[in-house]
Amino acid sequence: MKIAVLGFGNVGAQLGKLWAKKGHEVTAGLREGSKDRQKANDAGVSVATLEDAAKSADVVVIALPWSAVETVKALPLDGKVVMDAVNPLGADLSVQVPPAGSAGEQIAAWAKGARVVKAFNTIGSALMGDSTFDMMYCGDDATAKKVVNSLIADTGMKPVDVGPLSNARYLEQIAGLWVDLVVKQRIPGALGFGLVKK
């Protein structure tokens, strides 16, 4: 698949490396003068503007800081599978609630026609690809969810479908819990979430 990863910080870089290893064609979509250009070069992925990366991709991954995500309004995303890996965190790292109810739903509102699936937001980037942890995802488009399911599996993690895109608000609150536990070291060491069924 042709995957555009918009933003190549900790999350974008980790996902880009994992998918490139699986043979996907990964392009880092970066703003002019981005400090992450060298990181993309080191990972062996090509670099393009946000618009050019999105235009040529089968899947567009939003891994930008929340403050920059509104730029999706100007991108060619109609009909594309858009994976939202963003958490709408404020300066104090608390979860903000966008007008649409969640970052996932807000991105869908801004990027009209995009098939948005929320994923890769409930765990630290360093643990992405660790098969110990599940990766929950949600969305409204069945075909887009199958694509995201496959891309999660390609990282080595277990995909867990947790329902419609409206459930992105719950995944973002889970991320808020993760941030609180890690930043305040309430539970020391690497941690993530898994679904246990009996």
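- Rounding to the nearest 0.5 Å gives a distance of 9.0 Å between CG of Leu171 and OG of Ser102.
- Under the 4.5 Å side-chain contact rule for hydrophobic residues, Ile123 and Val61 share a cluster.
- Asp140 is not listed as a side-chain neighbour of Arg115, based on a closest heavy-atom distance of 4.5 Å or more.
- Within the 4.5 Å cutoff, the side chain of Arg31 has no heavy atoms near those of the Thr71 side chain.
- Side-chain atoms of Gln106 do not come within 3.5 Å of backbone N or O of Pro98 as any donor-acceptor pair.
- Within a 6.0 Å radius of CZ in Phe193, other residues, nucleotides and ligands contribute more than 12 heavy atoms.
- Each of Val179, Val183, Leu177 was checked for a side chain to side chain contact (heavy atoms under 4.5 Å, CB included) with Leu181, and the lone residue meeting it is Leu177.
- For the residue pair Ser34 / Glu32, no side-chain donor-acceptor distance below 3.5 Å is found, with atom types taken as modelled.
- A salt bridge links Asp84 with Lys118: the distance from a Lys NZ or Arg NE/NH1/NH2 to an Asp or Glu carboxylate oxygen falls below 4.0 Å.
- The closest donor-acceptor contact from the side chain of Asn167 to the backbone of Cys138 lies at 3.5 Å or more, if one exists at all.
- Between the side chain of Lys80 and the backbone N or O of Ala57 there is at least one donor-acceptor pair closer than 3.5 Å.
- Heavy atoms only, all atoms of each residue included: Ser46 and Thr27 are closest at OG-OG1, 3.0 Å.
- Under the 4.5 Å side-chain heavy-atom criterion for grouping Ile, Leu, Val, Met, Phe, Trp and Tyr, Phe8 is connected to Val59 within one hydrophobic cluster.
- Taken together through direct or relayed side-chain contacts under 4.5 Å among Ile, Leu, Val, Met, Phe, Trp and Tyr, Leu50 and Val72 form part of one hydrophobic cluster.
- No donor-acceptor pair closer than 3.5 Å links the side chain of Lys145 to the backbone N or O of Pro164.
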- Apply side-chain contact (heavy atoms from CB on, under 4.5 Å) to Asp161 and Asn149, showing your working. CA-CA 8 Å; Asp161 184 345; Asn149 182 296; 5.7 Å; no
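- One finds the CD1 atom of Ile152 at 6.0 Å from the CE atom of Met83 (value rounded to the nearest 0.5 Å).
- The two residues Val95 and Gln173 make their nearest non-hydrogen contact at CG1-NE2, 3.6 Å.
- Connection of Val148 to Val26 is established within a shared hydrophobic cluster, with ILVMFWY side chains joined at heavy-atom distances below 4.5 Å, either directly or through further cluster members.
- Trp110 and Trp66 have parallel rings, their planes meeting at less than 30° on a 0 to 90° scale where 60° marks the start of perpendicular.
- For Gln96 (side chain) and Ser94 (main-chain N/O), a donor-acceptor pair under 3.5 Å exists by modelled atom type.
- What you find for Ala119 and Tyr137 is that their closest heavy atoms are CB-CB, 3.8 Å.
- Here the side chain of Asn121 pairs no donor or acceptor atom with the backbone of Asn87 at under 3.5 angstrom.
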- With side-chain contact (heavy atoms from CB on, under 4.5 Å) as the test, would you mind laying out the steps for Asp180 and Arg186 before giving the verdict? CA-CA 8 Å; Asp180 181 78; Arg186 300 187 195 279; 2.4 Å; yes
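- Proximity of Leu6 to Leu75: side-chain heavy atoms (C-beta onward) are separated by under 4.5 Å at one or more points.
- Hydrophobic clustering keeps Val11 apart from Val182 (ILVMFWY residues linked when any side-chain heavy atoms are closer than 4.5 Å, directly or through intermediates).
- A pairwise comparison of heavy atoms in Gly156 and Ser131 identifies O-CB, 3.2 Å as the closest pair.
- Looking at Leu77 and Ile107, their side chains never come closer than 4.5 Å, going by heavy atoms from C-beta outward.
- Atom OG of Ser150 is separated from atom NE2 of His24 by 6.0 Å, given to the nearest 0.5 angstrom.
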- Message: If you apply the rule side-chain contact (heavy atoms from CB on, under 4.5 Å), what do you find for Ile174 with Met136, and how did you get there?
- Response: CA-CA 11 Å; Ile174 289 173; Met136 294 175 277; 4.0 Å; yes
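- Residue Asn10 qualifies as open at atom CG: its count of foreign heavy atoms under 6.0 Å is 12 or below.
- When every heavy atom of Leu64 is checked against every heavy atom of Val69, the shortest pair comes out as O-CG2, 3.9 Å.
- Looking at heavy atoms from C-beta onward, Leu18 lies out of side-chain contact with Asp154 at the 4.5 angstrom threshold.
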- Task: Show the numbers, then the answer: is there a side-chain contact (heavy atoms from CB on, under 4.5 Å) between Met157 and Phe120?
- Result: CA-CA 10 Å; Met157 302 182 80; Phe120 291 106; 4.3 Å; yes
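- Considering only heavy atoms from C-beta on, Met128 stays 4.5 Å or farther from Thr155 through its side chain.
- Between Trp178 and Leu191, the closest heavy-atom pair is NE1-O, 2.8 Å.
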